[in-house]
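Ligands are counted one by one from 1 in listed order, and the atoms in each one are counted from 1 as well.
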Amino acid sequence: MIRFEHVSKRYRGTAKPALDDVDFEVQRGEFVFLVGASGSGKSSCLRLILREDTPSDGRVVVLGRDTKTLSNRRTPYFRRHIGSVFQDFRLLPSKTVFQNVAFTLQVIGSSRAFVKQAVPEALELVGLADKAKRFPHELSGGEQQRVAIARALVNRPQVLLADEPTGNLDPATSVDIMMLLARINASGTTILCATHEATFVDQMQRRVIELKDGRLMRDERHGGYGDRSGIKTLEPQVERGAAAVAALTAVLELQREVTGGATAEPAGGAAAPEAIAPVVEAVAAAQEELFADLLDDPGSAQPDAGPVDGASPDAATAAAEPEATSTPAVTTPREDEPAPRTGAVPRSDLPVADVDVEELGMADRLGLRPADDDEVGPTT
Ligand code: ADP
Ligand code: MG
């Protein structure tokens, strides 16, 4: 699904390569941590996968396409199969939660009916069904990251790239986000998560690819963080988050049990809610305790905002809809493209008219920029 073949990356004006002969392959359905100190090349790897950049040497093959031979015009379509989340959330501040998530679909020209169905589903998935009308500044950091995750997943990409997704969050909230990513992975989405937060990597026992100075040091199926010397760790926070981390471990164990011990292969379904419920309660209790603890430290606590009246979801839906019904949806997947898993139908007549410049900048970064090309074609 993602293959690095002896990849090197040298940025202009730098003597040392950011990536040096990196070679690995990620299979469909895997959850992979990309770890290493700051500057080791994690973000460079993710940027190569998203084709924000191409390798200086070697090949990066993603979803069957060599990113080097993929044209710029086809890149937006290629990126629709890859969701991304970042440390800084990158939400549109003037849009509600619903509108932020709908935005992904708006740019790719999904039908009004699809937006109406898919956005609430995505918000439900991340546990924010009741906050659709809020604006980003009315949410905690963890909630903002959940919105970003919903936005990344609303058109059901095959791969989710997460670049330090918990880097701006307190430990308890970080556990929540990691649990959410584990759940998303359990339902079949391949996940690559760059992080330097050792706790989760150790606790979750997933595949770990470690980079050091741009070189691949380790690729372990059930790895931990490994050598932590020279890396700032979260020791004081780990202490405080111990209860929550223990609960996370319990959830993951249970999840593994319920999904039949799946590791590299997709689990083919999330854990049964009734089986998870008691553990989720335990996590909530542990987090409450932790939260009380964090309140001693005003810098870490992120109190919830009160309910507000935002723009209605319908307004967002209306804005999201380019032209209601005139174009029949073309749903037959072509052999040479990664089959979309939803009714998000790529079209060439994209609704650029009601997307402003700021949004286009955002769309570009999210890999959603409209283009006048057809679908991604095959490479060699
Ligand atoms: P990480 O995400 O692990 O912190 P990065 O991939 O961001 O690492 O960076 C790897 C190396 O490449 C670092 O030495 C960094 O300074 C360098 N680098 C990253 N992006 C650029 C760029 N656009 N131009 C020049 N050097 C860069
Ligand atoms: Mg980085």
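- Taking a cutoff of 4.0 Å between a charged side-chain nitrogen and a carboxylate oxygen, Asp57 and Arg10 qualify as a salt bridge.
- For ligand 1, the 4.0 Å heavy-atom shell takes in Tyr11, Thr14, Ala18, Ala37, Ser38, Gly39, Ser40, Gly41, Lys42, Ser43, Ser44, Arg47, ordered by chain and residue number.
- Contact check on Glu52 versus Arg79 returns no salt bridge, with no Lys/Arg side-chain nitrogen under 4.0 Å from an Asp/Glu carboxylate oxygen.
- Partners of Asp213 by side-chain hydrogen bond (donor to acceptor under 3.5 Å, both in side chains), not counting sequence neighbours: none found.
- The number of protein N, O or S atoms lying under 2.8 Å from the Mg ion (ligand 2) is 1.
- Residues Tyr11 and Ser44 bring a donor and an acceptor atom of their side chains to less than 3.5 Å of each other.
- Qualifying side-chain hydrogen bond (donor to acceptor under 3.5 Å, both in side chains) partners for Thr190, counting only residues two or more places apart in sequence or in other chains: none.
- Glu25 places no side-chain N or O within 3.5 Å of a backbone atom of Glu5 that could act as its donor or acceptor partner.
- One finds a salt bridge joining Arg221 and Glu30 here, because a Lys/Arg side-chain nitrogen approaches an Asp/Glu carboxylate oxygen to under 4.0 Å.
- With hydrogens and angles ignored, the 3.5 Å screen pairs no side-chain donor or acceptor of Lys9 with any backbone N or O of Pro17.
- In terms of modelled atom types and a separation under 3.5 Å, the side chain of Asp219 and the main chain of Ile209 share no donor-acceptor contact.
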